[in-house]
Asker: 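Take this structure, written in C-alpha cells, and hold onto it; I'll ask about it next.
Values reported hereafter were calculated over all heavy atoms of this structure, with side chains retained and with hydrogens, waters and symmetry mates removed. These figures come from a predicted structure and were not determined experimentally.
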Amino acid sequence: VCVCEMSSSVLVLLAIAHAAVAYDLVVYGGTPGGIMTAVAAGRHNLSVALLEQTGHVGGMCTNGLGKTDTGDAKVIGGLALEFFKRNGAHYNSSGPMFDLEPHVAEEIFLQMLSEAHVAVFYHRQLATVRKSNSTTIAAITTTDGSQYIGSVFADASYEGDLLAQAGVLYTYGREANTTYNESLAGRQVYSPGNQFELRVDPIGSDGSLLPLVSMCQGGSGVPGQGDKKIEAYNFRLCLTKNPANLIPFPKPDGYDPTVYELPRRYAAAIAASGKTPNVGDFLANTQPIPGDLKYDANNGGPMSTDFICGSDDYPEADYAQRAALYTAHKQYTQGLLWFLANDPELPETVRTSAREFGLCGDEFTDNGYWPWQLYVREARRMIGETVFTENTARARYVTGDVSVGVGGYHFDSHNVQRMVCYNTSNHCEHPVNMTGNSAFYVLNEGDVQVGIPPFELPYSLMLPRASQAGNLLVPVAVSSSHMGFCTVRLEPTWMILGHAAGIAAAMAVHTRAAVQDIVRAELQSRLVAENQIVHA
C-alpha cells in the first residue's frame, strides 16, 4: 500500500492496518461450520484467516442455541465430536455433551482456533470481491477497508454473501413441488406443527387485521406452489430460573400492547376451552441446558418467538436493512416476553409462570444479556455442481461422488406465513378439531416436521459450478433445495461439512488444484482417518 502522500502518522498506521494480507485460506463467517473449516485447514498446515461479522465467533452455538439439534448423535464424528467432547470435559463428563452454555461454547471454539493458529478478525463485513479471472477469487475487501488475499476461500456465512458477490448462482425461498419432484416442497395444504388448534379471530375491533397477521401477505395459495417466502427467524433465548442470575424481562422502548392482541386472544381461547393457560403455551419448546437452572427457549407453539413473515426480506438485504430486521425481531421478542410477564389482561397463571424466567446475567454481558445474532435459519442457497434435494436425503447413499459425512436430522422447516381463513370457503384447510363460531380464523403455514433415517453428505454439496468459482467452498449455504436444506441446516451437520471443507482446501492448496478437481477418494480417506463418519 503506497503511503507516500500521507503526512499524518495516524493515516500511515491506518494504511498499514488495511494493507492486504495473503493467506492460504480465507474463511468468511465465524459460524460453527466456518470454525471447523478454519481449524481443519490450520491443522493441515494452511495459513488461515477467519473473518467474523460480529464481535464473537460461534454462530448460533454461542448465541443461545443450547439444546443442540443432534438428531441421531451416532453420526457425529470428527471435529464436531471433538468439540462436543471438549464441552463434556468442561463439566467433568467422560463423554461428549451436546447441550451448550453460550459462553462455554465460545471458549471451546476459541481454544480450537488458537491451537490451529487461525488468525481471527472481528467486525468484518464483506464489501467487495475481486476475481483474477472468471473462475478465481483473488481477494475480498471488508467494509472497514481491510483486504484479504487467498488461494482458497470458504463462504461459511449463514447468508451466503461471499458466494453471491463472487457471481455464484444461488436462490432463496421455496421451490414448487414440481421443480425437483419433491413431495414436501412448496406451500403446505395444512401444517400441523406449531399450529393454532383453537379458533382465534384475527379481525380487530376496527375491522382491520391484527398486527401479527396483517404483516403477512399472500394467503394460502396453491398447495405445492413455490414462492420467495423465508421460514421464520427468532432469537434462541438463554433463560434462567436462578434468582441469583436472573435479569427480569425488560420492557422494550416503544412497547405497544396492541401488537400482542393475537396472543392475548389465543390465551383467552385456551381458557375458554376449559384449560388453564400458562407460559408453556407460548414457550412450549423451552428445555434445560447445562448451568444453574438455565434453559434454551426456542419457538414452540402457534404464537411464540418465531417472528412469522419478518424474515422474507433478509436474504437480499444490505447490512443496514439487516440491522433493522434484527431490531424488529428484538422488539417483537422482548415485547412478547414483557407481555407474557406483565399484561393485565392475561390470566394470572400466564404472568406468574412467565415471571419465573428471566435473561441470564452471565451471558451476552456486552449486549444487555441479549444474543448478538438473530437465528437466520435459512437465507441464500447455492445452486452448485449438483443440488441436494428431499429425494437426495431419502435415497440415503451417495452415488456419483464421495460422502464426506452423514446427516442425522429430520426435515425441519418453520412456518413462513400466518393466514386469515374463512369458514365458508376453501381458502384454508379446515382442521376437524377447530371449534368456535367466528367466520374468520387464523392459521400458520409452512411448518414441516418429517423424520428420515441418517443419510450421506456428498462433497458436491459444497461446490459451486466450476465455471463460476474454482477456489470457493460453501459448507453452510450449501447447494440445495429448500427441503434439502431443511435437513442439513443444523449446526452439527455444518460442523461436519466444515471439517471436510477444511481438508479439501488444504488438498487444493497443496496440489494447486481447483476444489472441484481434488482427488475426492483421498479426501474421504483423510476424513475417515480423522474419525469422521462418512457412511450411513
Asker: Indicate whether any N or O donor in one side chain lies under 3.5 Å from an N or O acceptor in the other, for H410 and Q449.
Answerer: yes
Asker: Starting from the C-alpha separation in whole Å, work towards a yes-or-no answer on side chain to side chain contact (heavy atoms under 4.5 Å, CB included) for V57 and Y122.
Answerer: CA-CA 8 Å; V57 297; Y122 295 98; 3.8 Å; yes
Asker: In this structure, are over 12 heavy atoms from other groups packed under 6.0 Å from K85 atom NZ?
Answerer: no
Asker: Go through the side-chain N and O atoms of N194 and N444 and say whether any donor and acceptor fall under 3.5 Å apart.
Answerer: no
Asker: Hey, do the aromatic rings of F357 and F249 have their centres closer than 6.0 Å?
Answerer: no
Asker: So, do Y28 and F121 have ring centers that fall under 6.0 Å from each other?
Answerer: no
Asker: Examine R520 relative to Y459 and say whether NZ or CZ is less than 6.0 Å from the centre of the six-membered ring and inside a 45° cone about the ring axis.
Answerer: no
Asker: Honestly, is R377 close enough over Y375, meaning NZ or CZ under 6.0 Å from the six-membered ring centre and within 45° of the axis?
Answerer: yes
Asker: Is there a donor-acceptor contact under 3.5 Å linking the side chains of E231 and S311?
Answerer: no
Asker: Check N299, I308, V448 against H414 for a side chain to side chain contact (heavy atoms under 4.5 Å, CB included) and give me the one that passes.
Answerer: N299
Asker: Taking the cut-offs as 6.0 angstrom to the six-membered ring centre and 45 degrees off its axis, would you call R381 and Y172 a cation-pi pair?
Answerer: no
Asker: What about Y326 and F235, are their ring centers closer than 6.0 Å?
Answerer: yes
Asker: Applying the side-chain hydrogen bond (donor to acceptor under 3.5 Å, both in side chains) test to K294, which of D362, T240, D99 qualifies?
Answerer: D362
Asker: Would you kindly say whether D155 and S157 are connected by a side-chain donor-acceptor distance under 3.5 Å?
Answerer: yes
Asker: Would you give the length of the straight line joining atom CD1 of I503 to atom NE2 of H44, rounded to the nearest 0.5 angstrom?
Answerer: 4.0 Å
Asker: Below 6.0 angstrom between ring centroids: does that apply to Y369 and F364?
Answerer: no
Asker: Compute whether any side-chain donor of one residue and acceptor of the other, for T305 and N234, lie under 3.5 angstrom apart.
Answerer: yes
